[in-house]
Asks: 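Once you've had a glance at the structure underneath, I'll fire off some questions.
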Amino acid sequence: MSQDTRTGRERPGTGTADAPGRVTASDYSGPGVEAELDPRRTAGAGRDGSAPGAGGPDGHGDYDTLYTARASSAGGRGGRVTTDDGLLDLEMRAPRELGGPGGAPNPEQLLAAAYATCFHSSLELVAGRGGADTGGASVDAAVTLRKRGKSDDYAIGVEVTVRMPRVDRETAARLAEQAHRHCPYSKALLGSAEVGVHVA
């Protein structure tokens, strides 16, 4: 069974429970996430995980800029997306489910990949601080494009599934919830997308 960390309800799935161990992974992103988890920054944060000062005039509160990624799209879902440093240069195609040809990445896949990666890194950080073993852990992200009625009213839904085979289920659920509160992608999607976090 898997557990929805928002409600505590069990969901179908599989899981294993082993004795917790010590994590050996180092901090995955240096000062960026350390700043994210700095008690001086998170003290007084809202119940939704928002950081204090997030409502400042520039919309960023007291956050310091650590890194900016820049990407450019030409042709939308049927074109190409590139980053300014040339490290990412992808042809984009709409999936067959949306009437496209498929056979190339689409925006939902890119978001799923980015979210799974960022969430996993946040999970490793909070687990490491708690002495939990993240060996064999994985994070899956499923991004769903939804439409309401016949108008062009689209929305994104995300389901995150966390697997931590070397810790017990209760610990895994607690760490997944902590990672969800601190993951920058979770914060960015909060209030604009349905996000479910589960433990399998």
Asks: Is the shortest heavy-atom distance from the side chain of R163 to the side chain of D140 under 4.5 Å?
Replies: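 Side chain of R163 against side chain of D140, heavy atoms only: contact under 4.5 Å found.
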Asks: Taking atom CZ of R93 and atom CG of L98, what is their separation to the nearest 0.5 Å?
Replies: 15.0 Å
Asks: When rounded to the nearest 0.5 angstrom, what distance separates CD in E177 from NE2 in H180?
Replies: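 These two atoms lie 6.0 Å from each other.
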Asks: Measuring from L110:CG to M92:CE, what's the distance to the nearest 0.5 Å?
Replies: 4.5 Å
Asks: Are R166 and T134 close enough that some pair of their side-chain heavy atoms sits under 4.5 Å apart?
Replies: no
Asks: Are side-chain heavy atoms of D152 and K147 found at a separation under 4.5 Å?
Replies: yes
Asks: What distance do T68 atom OG1 and L66 atom CG have between them, rounded to the nearest 0.5 Å?
Replies: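 Atom-to-atom, T68:OG1 and L66:CG are 9.0 Å apart.
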Asks: Do L123 and M164 make a side-chain contact, defined as non-hydrogen atoms from C-beta onward lying under 4.5 Å apart?
Replies: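 Side chain of L123 against side chain of M164, heavy atoms only: contact under 4.5 Å found.
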Asks: How about Y185 and T117: do any of their side-chain heavy atoms sit closer than 4.5 Å?
Replies: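 Contact flag for Y185/T117 side chains = no.
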Asks: Is the side chain of T83 donor-acceptor paired with the backbone N or O of L88 at a distance under 3.5 Å, no angle test?
Replies: yes
Asks: With no hydrogens and no angle check, is any side-chain donor or acceptor of Q109 less than 3.5 Å from a backbone partner on N106?
Replies: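 It does hold such a pair.
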Asks: How close do A71 and V81 get, heavy atom to heavy atom, and via which atoms?
Replies: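 Looks like CB-CG2, 4.3 Å.
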Asks: Got P184 and S122 here, is their nearest side-chain heavy-atom distance under 4.5 Å?
Replies: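 P184 vs S122: side chains touch.
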Asks: Should Y115 and V158 count as side-chain neighbours, where that means a heavy-atom distance under 4.5 Å?
Replies: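 Yes, their side chains come closer than 4.5 Å.
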Asks: So, for A193 and I156, which heavy atoms are closest and what is the spacing to 0.1 Å?
Replies: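 Where A193 meets I156 most closely, the heavy atoms are CB-O, 3.2 Å.
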Asks: Measuring from atom CZ of R129 to atom CD of E124, what distance do you get when rounded to the nearest 0.5 angstrom?
Replies: 13.5 Å
Asks: Determine whether R181 and V126 make a side-chain contact, defined as any pair of heavy atoms from C-beta on separated by less than 4.5 Å.
Replies: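 No, too far: nothing below the 4.5 Å cut-off.
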